[in-house]
S.K.: 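The structure's right below; bear with me while I get my questions together.
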Amino acid sequence: GEGAQASNATSFEHFVADVETHVERGVEKPLGFIASLFGKESAGDWAESQNEAKSLPRCGITQQVSYHDVGDKWDKCPDECPVFAQHADNGLRCDFRCVPATVEACSAMNPQEPIPDLEKGACRACMVTGCDTCREDGTESCQHCSEGYQLTPEGQCQNTFFYIWVAIFLVFGIIAAVLVAWVVS
């Protein structure tokens with residue numbers, strides 16, 4: 001009865017005192033404070049214990065990530081399958097699988113993201129301005145451009161009004177040059 005309440009009150013008072021102490025210090029290291037609450041030496045120890053509790057990415061295993069899984073977006077795939085590929089055909093969102101860094105492996109998971117990007121650690125779409133559908137060969141080239149763009153032989157998308165803009169700027173440039181020459185003379 002009363003002994004348990006006194007013990008709980010004392011524990012709560014210690015907790016409040018700890019919070020006040022950390023607030024007075026400006027809570028410079030909030031993870032360190034959380035670590036101390038769990039009896040860990042440092043924030044690194046606490047984070048490591050949290051990582052051990054969840055499953056890390058493995059080759060060939062699809063994992064769904066939610067906003068509750070704060071650390072998941074920073075996880076890296078193992079060296080034998082170093083890129084995350086989004087699983088496009090299962091109807092779920094935010095589910096990924098670690099796959100080998102090949103065009104075939106990325107395309108098999110998501111044809112819209114055929115490029116294995118080791119720097120980002122993920123399969124991705126081509127980075128071509130104005131591209132609607134990338135080529136599935138893993139190159140930075142486009143198969144079909146968005147409206148207002150035309151496909152060049154190199155697989156790039158060019159604004160359909162590009163030559164019109166060039167002509168307009170040339171005309172205005174010539175007019176400006178004539179005006180400057182007239183004012184100077």
Side-chain angles (χ1 to χ4, degrees), residues 15 18-19 22 26-160 162:
F15 175 76
D18 283 347
V19 170
H22 283 82
V27 192
E28 294 172 11
K29 296 185 179 179
L31 280 180
F33 172 65
I34 292 170
S36 69
L37 291 177
F38 288 98
K40 300 292 181 184
E41 293 287 322
S42 68
D45 291 343
W46 179 77
E48 189 175 314
S49 70
Q50 296 304 301
N51 281 336
E52 288 170 3
K54 65 180 180 120
S55 67
L56 295 173
R58 293 182 294 169
C59 295
I61 306 294
T62 301
Q63 289 183 296
Q64 191 167 15
V65 180
S66 73
Y67 67 92
H68 296 293
D69 302 323
V70 177
D72 285 356
K73 67 180 180 179
W74 304 113
D75 287 343
K76 296 206 179 294
C77 289
D79 291 339
E80 44 295 348
C81 50
V83 292
F84 281 113
Q86 185 172 9
H87 202 192
D89 64 351
N90 65 357
L92 298 174
R93 297 184 70 175
C94 298
D95 62 319
F96 299 89
R97 181 182 294 176
C98 293
V99 298
T102 64
V103 173
E104 295 77 23
C106 288
S107 292
M109 290 293 290
N110 186 349
Q112 296 296 316
E113 297 178 347
I115 300 173
D117 188 330
L118 290 172
E119 187 176 315
K120 294 182 188 287
C123 297
R124 64 171 175 80
C126 63
M127 291 191 214
V128 176
T129 303
C131 186
D132 188 43
T133 308
C134 298
R135 288 187 184 159
E136 293 181 14
D137 62 1
T139 60
E140 293 288 345
S141 53
C142 189
Q143 180 71 36
H144 185 277
C145 296
S146 301
E147 189 174 333
Y149 291 89
Q150 62 187 14
L151 188 62
T152 67
E154 298 83 29
Q156 303 300 302
C157 297
Q158 187 175 39
N159 188 318
T160 52
F162 176 76

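All figures in this text were calculated on a predicted structure; none of them were measured in a lab. Below, each value reflects all heavy atoms present in this structure, side chains not excepted, and no hydrogens, waters or symmetry copies.
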S.K.: Would you confirm whether Ser146, through its side chain, and Gly130, through its main-chain N or O, come within 3.5 Å as a donor-acceptor pair?
M.R.: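 Yes; judged by distance alone, with no hydrogens or angles, the pair exists.
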S.K.: Listed by chain and number, what are the side-chain contact (heavy atoms from CB on, under 4.5 Å) partners of Asp137, not counting sequence neighbours?
M.R.: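 Partners of Asp137 under the side-chain contact (heavy atoms from CB on, under 4.5 Å) test: Arg135, Thr139, Ser141.
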S.K.: Partners of Asp95 by side-chain hydrogen bond (donor to acceptor under 3.5 Å, both in side chains), sequence neighbours excluded?
M.R.: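 Partners of Asp95 by the side-chain hydrogen bond (donor to acceptor under 3.5 Å, both in side chains) criterion, ordered by chain and then number, come out as Asn90.
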S.K.: Determine whether Thr129 and Tyr149 make a side-chain contact, defined as any pair of heavy atoms from C-beta on separated by less than 4.5 Å.
M.R.: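 Answer yes - side chains close enough.
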S.K.: What pair of heavy atoms forms the shortest contact from Cys126 to Cys131, and how long is it?
M.R.: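 Nearest heavy atoms, Cys126 then Cys131: SG-SG, 3.8 Å.
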S.K.: For Glu147, is the CD atom crowded, meaning more than 12 foreign heavy atoms sit under 6.0 Å from it?
M.R.: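 Open.
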S.K.: Anything under 3.5 Å between a donor and an acceptor, one on a side chain of residues 111-124, the other on a protein residue two or more places apart or in another chain? List them.
M.R.:
unit_1, atom_1, unit_2, atom_2, d
Asp117, OD1, Glu119, N, 3.0
Asp117, OD1, Lys120, N, 3.1
Asp117, OD2, Arg124, NE, 2.8
Arg124, NH1, Glu140, OE2, 2.8
Arg124, NH2, Glu140, OE2, 2.6

S.K.: Do you know which two heavy atoms are closest between Gln86 and Asn110, and how far apart they sit?
M.R.: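 That would be O-CB, 3.4 Å.
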S.K.: Under a 4.5 Å cut-off applied to non-hydrogen side-chain atoms, are Cys134 and Cys142 in contact?
M.R.: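 Counting from C-beta outward, Cys134 and Cys142 never come under 4.5 Å.
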S.K.: Could you report the tightest heavy-atom contact between Cys98 and Pro78, atom names first, then the distance?
M.R.: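 Between these two residues, the closest heavy atoms are SG-CD, 4.0 Å.
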S.K.: Any idea which heavy atoms bring Arg97 and Gly60 closest together, and the distance?
M.R.: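 Here Arg97 and Gly60 meet closest at NE-O, 3.5 Å.
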